[in-house]
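In listed order, ligands and their atoms are each counted from 1.
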Amino acid sequence: MEGLDSDKIAALLGAGYPGRIHVFGELDSTNSWLLENGACGDCCLAEKQTCGRGRRGKQWLSPANGNIYLSLRWCFTHPPELLPLLSLLVGISVCKSLHDSGLRGHGLKWPNDILVGENKLAGILVETSNNMQTVVIGLGLNVYTVGSADEQNTWGSLQQFMAHVPDRNDLIASIVNDLYDLLSNLPNLQYKDFEKGWNQWDLLSGNNVSLVQADKKYSGVVQGVDSLGRILLQQEHGKITAFSSAELSLRW
Ligand code: BTN
């Protein structure tokens, strides 16, 4: 399996890409490193993370087995209107990159887990600092083996679903190029652009799910998301309620 190569990735990025590519053998967390170091536009990659972080305070197991642990730091001059949708937009962007790299049959489980069938291939953690003007986008993508494990998901890796797994450096460059497009255009992006992308990749709308929030369980049919990226759930009595992702677990 090919090693991560910062020069190769940098050479594949669009002309004018504003940041540098930092590659490490081992880090605690690429998100933590970029929150403390690096400049706007920089990317950080590690072959292995010792304290990889997931959403809702969970650990992201990150062994050195050829998976992708990638973070990108971005700075906005003014927080764009669609910033509350950023973590969902990143999911849409990564789905597109994976499609362009040959993966089929994947989609998004709200808010931004990437699945094939019921198997989670990738997770995204977006963290903000500095009054919402600096964001660090973290992506964990199982390429060769399944890193994380928990009772809530069945897991999968690209290798299971692709006859030919792309070179990780090519894949990373494609993901970063698409994220760059998204981030540089975010100030001009319209809600209808988000809706179009979301409808293309959303796996949950129309499905029955259960949500657990603060030990309370809600069941119903998913009716898409609202303008803040909250999931809309229609319960049996017909009422539609919006739930945000902060402290929520979702079963499908
Ligand atoms: C999830 O819980 O689904 C999100 C997981 C995000 C993991 C990635 S791996 C690269 C980056 N660095 C981290 O510590 N976390 C993110």
Original post:
Any chain of hydrophobic side-chain contacts (each under 4.5 Å) joining I124 to W110?
Top reply: yes
Subject >> Salt bridge flag under 4.0 Å for residues E127 and R53 >> reply: yes
List below, pair by pair, the N or O atoms of ligand 1 and of the protein that are less than 3.5 Å apart, including the distance to 0.1 Å; reply 'none' if no pair qualifies.
{"unit_1": "ligand 1", "atom_1": "2 (O)", "unit_2": "R55", "atom_2": "N", "d": "2.7"}
{"unit_1": "ligand 1", "atom_1": "3 (O)", "unit_2": "K120", "atom_2": "NZ", "d": "2.8"}
{"unit_1": "ligand 1", "atom_1": "12 (N)", "unit_2": "T30", "atom_2": "OG1", "d": "3.0"}
{"unit_1": "ligand 1", "atom_1": "12 (N)", "unit_2": "N31", "atom_2": "N", "d": "3.4"}
{"unit_1": "ligand 1", "atom_1": "12 (N)", "unit_2": "Q49", "atom_2": "OE1", "d": "3.0"}
{"unit_1": "ligand 1", "atom_1": "14 (O)", "unit_2": "S29", "atom_2": "OG", "d": "2.7"}
{"unit_1": "ligand 1", "atom_1": "14 (O)", "unit_2": "R53", "atom_2": "N", "d": "2.7"}
{"unit_1": "ligand 1", "atom_1": "15 (N)", "unit_2": "R53", "atom_2": "O", "d": "2.7"}

**OP:** May I ask you to decide if R20's main-chain N or O and D42's side chain share a donor-acceptor pair within less than 3.5 Å?
**Re:** yes
Subject >> Pair F24 and W33, ring centroids less than 6.0 Å apart >> reply: yes
**OP:** Tell me, with the steps shown, if L121 and L103 meet side chain to side chain contact (heavy atoms under 4.5 Å, CB included).
**Re:** CA-CA 11 Å; L121 293 190; L103 184 66; 3.8 Å; yes
Original post:
Are L12 and Y17 grouped together when hydrophobic residues (ILVMFWY) are joined by side-chain heavy atoms under 4.5 angstrom apart?
Top reply: no
